[in-house]
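Worksheet for the structure shown next.
Note that these values count all heavy atoms, side chains included, but never hydrogens, waters or copies made by symmetry.
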Amino acid sequence: MMLIPTHHFRDIERKPEYLQPEKCVPPPHPGPVGTMWFIRDGCGIACAIVTWFLVLYAEFVVLFVMLIPSRDYVYSIINGIVFNLLAFLALASHCRAMLTDPGAVPKGNATKEFIESLQLKPGQVVYKCPKCCSIKPDRAHHCSVCKRCIRKMDHHCPWVNNCVGENNQKYFVLFTMYIALISLHALIMVGFHFLHCFEEDWTNLLQAYGLTREGTAEARISLHEKKQPPKVGSTECSSFSPPTTVILLILLCFEGLLFLIFTSVMFGTQVHSICTDETGIERLKRKHQPRERRGSWKSVKETFGGDFSPSWLNPFSGPCDPKPLRDRDWVRQAASLSDTDNTETTEEQSEERKDEDSVEVTDE
């Protein structure tokens with residue numbers, strides 16, 4: 001079968017001389033604890049800025065177009081507090097998802113010394129990523145944007161300029177949930193604004209032009225004496241002109257509906273992945289590796305940080321402290337791989353294993 005360029009490139013990467021552990025540069029010294037994680041990707045940074053801009057635009061329209069000009073102070077205060085609280089939690093979750101290490105594997109640790117320290121037994125194998133020269137634990141995948149292997153990687157999201165992985169999946173779930181909530185809240189307030197406020201404006205407009213039975217005679221006398229159009233009383237529904245108000249509300253409606261659908265789907269997908277203990281990449285590749293699957297509730301507790309409590313909804317409360325990788329976490333059993341040594345390797349099986357390369361199998 002003729003190899004397409006992508007397969008040819010992968011074939012070059014799998015050459016034995018490329019996979020020698022001696023070629024790997026020793027890992028750099030670990031940075032201080034709490035070092036901020038940030039991906040320098042132009043597209044991701046632009047998407048993150050756009051995300052903040054859209055949330056701030058919704059904040060502006062809700063406050064200065066609908067709530068502040070309203071005469072119902074109780075309605076304005078309650079909705080203002082709720083909307084601002086949700087917006088703050090959404091942006092806080094976005095920052096935590098963007099600036100939290102998603103579970104990066106130490107770069108360049110596939111050295112000969114480290115492999116020898118694992119003391120591999122017969123039937124055991126370790127895998128190296130040929131791109132970042134790291135030993136890949138089980139369920140780790142390489143991200144071409146982050147240029148690192150990420151533990152339990154679900155996907156790379158440009159809206160948070162980061163991968164969604166083992167350590168920041170909680171923050172991403174909270175981000176999608178809070179964005180969906182503020183979008184729904186904004187749509188409801190826009191609906192009430194159109195139904196209530198503009199109905200009053202239309203009624204005042206009819207009365208001012210004498211199009212009601214009570215005001216017809218009076219309006220005709222006023223027009224005849226003053227010879228000028230009547231002045232329409234304002235209900236103070238907005239500090240802006242009616243055309244500007246309508247345009248701002250329509251744009252907010254479009255934004256709210258779009259993000260409500262998008263974030264609701266993402267939220268449901270993430271919750272499903274957590275409950276089934278299967279990441280998005282694993283679901284796409286269908287890599288049914290023989291591994292112990294945790295129960296749904298156990299997986300949820302591990303992602304959100306312990307038993308159910310209000311801290312689950314708090315973006316400032318982290319998930320359970322990630323356990324450091326032990327020596328056995330780097331090692332996999334050869335039996336857990338596909339039995340393709342004695343059979344013809346299909347194209348699908350080759351595609352599933354194209355980013356994993358055997359480094360060393362020892363027989364003691």
Side-chain angles (χ1 to χ4, degrees), residues 30-60 83-107 132 134 139-183 255-256 258-271 273-274 279-281 302-305 311-322:
V33 178
T35 301
M36 185 179 67
W37 172 274
F38 183 75
I39 302 300
R40 294 175 176 83
D41 175 58
C43 177
I45 294 174
C47 289
I49 293 175
V50 169
T51 301
W52 275 68
F53 171 78
L54 292 175
V55 173
L56 295 178
Y57 170 77
E59 183 85 16
F60 169 78
F83 187 86
N84 280 278
L85 178 61
L86 293 176
F88 171 76
L89 292 174
L91 294 179
S93 301
H94 182 270
C95 285
R96 292 302 301 271
M98 180 172 58
L99 303 179
T100 299
D101 182 352
V105 177
K107 194 173 184 178
C132 59
S134 300
R139 306 186 71 185
H141 302 277
H142 184 85
C143 175
S144 58
V145 179
C146 297
K147 296 181 175 58
R148 298 287 292 273
C149 285
I150 307 297
R151 300 195 303 272
K152 200 180 173 184
M153 175 182 170
D154 187 88
H155 68 287
H156 183 92
C157 178
W159 296 105
V160 298
N161 189 34
N162 201 2
C163 278
V164 178
E166 188 176 65
N167 297 341
N168 68 340
Q169 190 172 25
K170 170 189 174 178
Y171 307 129
F172 183 76
V173 171
L174 292 180
F175 168 67
T176 56
M177 182 184 72
Y178 287 129
I179 290 293
L181 289 177
I182 65 174
S183 299
E255 175 192 343
L258 180 65
F259 278 92
L260 174 62
I261 297 174
F262 176 72
T263 55
S264 297
V265 171
M266 289 300 300
F267 175 77
T269 302
Q270 289 298 302
V271 171
S273 296
I274 294 173
T279 66
I281 292 179
E302 182 174 324
T303 301
F304 286 91
S311 64
W312 279 22
L313 306 178
N314 181 11
F316 299 99
S317 173
C320 293
D321 294 333

Inset, instruction - Identify the two heavy atoms, one from Ile182 and one from Ala87, that lie closest to each other, and give their separation to 0.1 Å. - result: CG2-N, 3.7 Å
Legend entry - Interatomic spacing from CE in Met98 to CG in Leu91 - rounded to 0.5 Å: 10.0 Å
Legend entry - Minimum-distance pair of heavy atoms, taken over all atoms of Trp159 and Val50: CZ3-CG1, 4.2 Å
Legend entry - Minimal non-hydrogen separation, Ala92 against Phe316, with atom names: CB-CZ, 3.7 Å
Inset, instruction - Classify the angle between the aromatic ring planes of Phe175 and Phe172 as parallel (below 30°), tilted (30 to 60°) or perpendicular (above 60°). - result: tilted
Inset, instruction - Give a yes or no answer on whether the side chain of Asn162 reaches the backbone of Thr100 with a donor-acceptor pair at less than 3.5 Å. - result: yes
Inset, instruction - Might you point out which heavy atoms bring Ile39 and Asn161 nearest each other, and give the distance in Å? - result: O-ND2, 2.8 Å
Inset, instruction - Walk me through it: do Trp52 and His94 pass the test side-chain contact (heavy atoms from CB on, under 4.5 Å)? - result: CA-CA 9 Å; Trp52 275 68; His94 182 270; 3.2 Å; yes
Inset, instruction - Please round to the nearest 0.5 Å and tell me the distance separating atom CH2 of Trp312 and atom OG of Ser317. - result: 11.5 Å
Inset, instruction - Output yes when a side-chain donor or acceptor of Arg96 lies under 3.5 Å from a complementary backbone atom of Tyr171, and no otherwise. - result: no
Inset, instruction - Carefully, step by step, assess Phe38 and Ile45 under the rule side-chain contact (heavy atoms from CB on, under 4.5 Å). - result: CA-CA 10 Å; Phe38 183 75; Ile45 294 174; 3.9 Å; yes
Legend entry - side-chain contact (heavy atoms from CB on, under 4.5 Å) evaluation trace for His141 with His155: CA-CA 10 Å; His141 302 277; His155 68 287; over 6 Å; no
Inset, instruction - Would you check if the side chain of Ser273 reaches a backbone N or O of Thr279 as a donor-acceptor pair within less than 3.5 Å? - result: no
Legend entry - Gap between atom NE2 of His142 and atom SG of Cys163 - 0.5 Å precision: 9.5 Å
Legend entry - CD on Gln169 to CD on Glu302, rounded to 0.5 Å: 10.5 Å
Legend entry - Atom pair CG/CG of Leu181 and Leu86 - distance to nearest 0.5 Å: 5.5 Å
Legend entry - Shortest non-hydrogen contact between Leu260 and Thr263, atoms and distance: O-OG1, 3.7 Å
Legend entry - Distance-minimising heavy-atom pair for Cys143 and Met153: CB-CE, 3.9 Å
Legend entry - Polar side-chain atom of Tyr178 near backbone of Leu313 as donor-acceptor pair, under 3.5 Å: yes
Inset, instruction - Kindly indicate, with the supporting measurements, whether the criterion side-chain contact (heavy atoms from CB on, under 4.5 Å) is fulfilled by Ile179 and Val55. - result: CA-CA 8 Å; Ile179 290 293; Val55 173; 3.9 Å; yes
Legend entry - Inter-residue atom distance Leu89.CG - Asn314.CG, 0.5 Å rounding: 7.5 Å
Legend entry - Side-chain (Arg148) to main-chain (Val105) donor-acceptor, under 3.5 angstrom: yes
Inset, instruction - Could you check if a side-chain atom of Gln270 sits within less than 4.5 angstrom of a side-chain atom of Thr176, using non-hydrogen atoms only? - result: no
